[in-house]
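Shown next, in structure tokens, is the structure this report addresses.
Note that the structure is predicted; figures quoted are calculated from it, not measured. In the text below, chain A, chain B and the rest are named by the order of the sequence lines, each starting its count at 1.
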Amino acid sequence: MRVRFAPSPTGYLHIGGLRTALYNFLLARKHGGVFVIRIEDTDQTRFVEDAEQDILDSLSWAGITYDEGPLIGGKFGPYQQSVRSERYQEVASQLIKLGKAYFAFDTSEEIDALKQRKISSSNPNPRYDFATRAEMQNSLTLSEADVSTRLARGDAHVVRLLVQPGAEISFVDAVRGHVSFESDAVDDQILIKSDGLPTYHLANIVDDHDMQISHVIRGEEWLSSTPKHIILYDALGWTAPQMAHLPLILSPTGGKLSKRNADKNGIPVSVFEYRKKGYEPEALVNFLALLGWNPGNDQEIMSLDEMASLFSLDRVGQAGVQFDLQKLAWFNEHYVRSKTPEVLAESVYVKIDELFDDVSMDYLSRAISLMLDRLSFATDIANATYLFADPKAYDEKSVQKRWKTNSSQLLISYANDIEALSDWATDPLESRLKELVERENIGIGEIMFPVRLALTGLPSGPDLYQMMILLGKESVLRRLQTASHAVG
RNA sequence: GCCGCGUUCGUCUAGGGGUCUAGGACGCUGCCCUUUCACGGCGGUAACACGGGUUCAAAUCCCGUACGCGGUACCA
């Protein structure tokens, strides 16, 4: 088994592209096959400089490795279509010789004119096909001599696929089962553009054949193009690979997850953005794996290895799937909390160090440990500013509601009690507080709450005693003093 | 318009003729835990698009309708 992911470097890796790559990768892993990456850079006009690099980086970040492709090569390389032009030309010539393709010299103005001529309410999109090619300037209508002189003269031309009408083109899709099209509905697709480069359709089938790809797993947007590809394989006497078209990822409002639509819903579309926002790669991958596939049981949390062992194309769904940012968030929380504080500390240290003074890696790691089950993103630790600096203000609503006239005094009493402590640990801190409660004959909340407010400025947060341990005696006493004066 | 693909809780899904008074997860929500907030635990909410068949029996098979999505480029 040989599969491939064949992105076009027209932009950063899209979330849907990552899922396609993932499914290919999983299938290859499952069957001990080979996973190829091929860059389909045949459109010079849409080429984006750093896109290829981003695609490779993003896959690597996601933990998706490949066996043949850019950077590492392989025996079917090179893996960029822009440097394989000769081969496409060769196949195009072969198709022309076989009578399966032809030269066309029509200018874009002439094609526009054709459309204007044919357009009607019942036919809003006239095609260049069996019904219209006789009216155009191509090697089917022009004399042989005329064609030769035009070619010799270097007239701009394209190569088109000659699609015969009246045929049924069908294939079995691994996800959708039997699919069939009438050839009448297929246009004479351009195979070689006037710039000499191939279109997707030609380059794709030539490379899939030459690279011995056994399974083509791609998005559903390619389903309608598949008959063209089948015609091409047949014309060349090649066996078409097994096809599998994945359901599209939809935006929560329904449409396809275009950049604009996604932005409107606050959904990042490029993997780069997820990296930047601090998502855990395992979370994104796990979430995406389940967007259109399921293992057939109730398991949702899976490592790449587990997914690979469970994966199969017949468990891929057929209906479009809506992207759910909340579910992704849940996966992210899960993976954040399953990591060690040390690992998370490493990943956010630079950010924390920028924001606060004198935070050691060890301290950060202990802070994260204290906050672990309330983090959605590792970087959320930065929001708990009170762990890294004294509070600058005290939550007004909480003060109004729960700060009593005796609060300041209680704070001072507690500060005095714990200042004497030789053992700065949770148990003595707790028993001193309880003793104070008995001595003063008050409810425990009457002292706990002001202490919390003094330490954090907020009405909620992690366990009080554990937090005092983290902050340290000096800092705790200072904060109690400060609050007793500032709020009191 | 035409061609193609699809349609189970709000979302991702299980289910493939009787075991479905339709299961799981996210979300939302109630209670418990915690004299904080989260986490966690235990509950609740909520779906077979519609209409015809076939069958003793249909969420499951067939047909139609509606709706959604994709394609209809010298883009991929």
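In terms of the side-chain hydrogen bond (donor to acceptor under 3.5 Å, both in side chains) criterion, A:Asn24 has no residue partners (sequence neighbours excluded). A:Arg127 meets the side chain to side chain contact (heavy atoms under 4.5 Å, CB included) test with A:Asp129, A:Asp187; sequence neighbours excluded. For A:Phe287, the ring pair (Phe, Tyr, Trp, His ring centres under 6.0 Å) test picks out A:Phe323, with sequence neighbours left out.
Taking a pair to require two hydrogen-bonding distances under 3.5 Å in either a Watson-Crick or a G-U wobble arrangement, B:U60 remains unpaired. Pairing for B:G1 is with B:U72, a Watson-Crick or G-U wobble pair whose two hydrogen-bonding atom distances lie under 3.5 Å. Nucleotide B:U55: unpaired (no Watson-Crick or G-U wobble partner with both distances less than 3.5 Å). Nucleotide B:C39 has no partner under the Watson-Crick or G-U criteria, as no pair reaches both atom distances under 3.5 Å. With both pairing distances under 3.5 Å, B:U7 is matched to B:A66 as a Watson-Crick or G-U wobble pair. Across all strands shown, nothing is found opposite B:U34 as a Watson-Crick or G-U wobble partner with both distances under 3.5 Å. Using N1 to N3 plus N6-O4 or O6-N4 for Watson-Crick, or N1-O2 and O6-N3 for G-U wobble, each under 3.5 Å, B:U19 pairs with nothing.
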Shorter than 3.5 Å, N or O on both sides, protein versus nucleotides 59-61 of chain B: list them out with atom names.
none

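Crowding of A:Glu438 atom CD: a count of heavy atoms from other residues, nucleotides or ligands under 6.0 Å not exceeding 12.
The stretch residues 325-334 of chain A comes close to RNA chain B through A:Gln326, A:Lys327, A:Trp330, each having a heavy atom under 4.0 Å from the strand.
Rounding to whole angstrom units, CD1 of residue A:Ile249 and P of B:G6 are separated by 18 Å. One atom, CG of A:Leu372, and another, C1' of B:A38, lie 12 Å apart when rounded to the nearest Å. Rounded to whole Å, atom P of B:G24 lies 18 Å from atom CE of A:Met302. Distance A:Asp380 CG to B:A38 C1': 12 Å, rounded to the nearest Å. Straight-line distance from the CD atom of A:Gln299 to the P atom of B:A14: 15 Å, rounded to whole Å. As rounded to whole Å, 13 Å separates atom C1' of B:U34 from atom CG of A:Leu464. Computed from coordinates, the A:Arg337 CZ to B:C39 P distance equals 7 Å when rounded to whole Å. Between the CG atom of A:Asp373 and the C1' atom of B:C33 there is a distance of 13 Å, given to the nearest Å.
Side chain of A:Asp106 to backbone of A:Gln137: a donor-acceptor contact under 3.5 angstrom is found. Remark: side-chain polar atoms of A:Asp184 are not paired, donor with acceptor, to backbone N or O of A:Pro165 under 3.5 angstrom. Judged by distance alone, the side chain of A:Ser408 and the main-chain N or O of A:Ser484 form a donor-acceptor pair under 3.5 Å.
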Each nucleotide of nucleotides 63-76 of chain B classed B (base within 4.0 Å of a protein heavy atom), S (only sugar-phosphate) or -, in 5' to 3' order, makes ------SBSBSBBB
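When distances run from any side-chain atom of A:Gln322 to the nucleotides B:A14, B:C12, B:U36, the shortest one goes to B:C12. Which of B:U11, B:C12, B:A25 sits closest to the side chain of A:Asp324 comes down to B:U11.
A salt bridge is absent between A:Lys256 and A:Glu221: the closest approach of a Lys/Arg side-chain nitrogen to an acidic carboxylate oxygen does not fall below 4.0 angstrom. With salt bridges taken as basic N to acidic carboxylate O contacts below 4.0 Å, none links A:Arg337 and A:Asp373.
A:Asn294 has a side-chain polar atom (N or O) that falls below the 4.0 Å cut-off from OP1 or OP2 of B:A14.
Using a 4.5 Å heavy-atom cutoff, the side chains of A:Ile231 and A:Gln189 are not in contact.
Ring geometry for A:Tyr200 against A:Trp222 counts as parallel: the plane angle stays under 30°, on a 0 to 90° scale with 60° as the upper cut.
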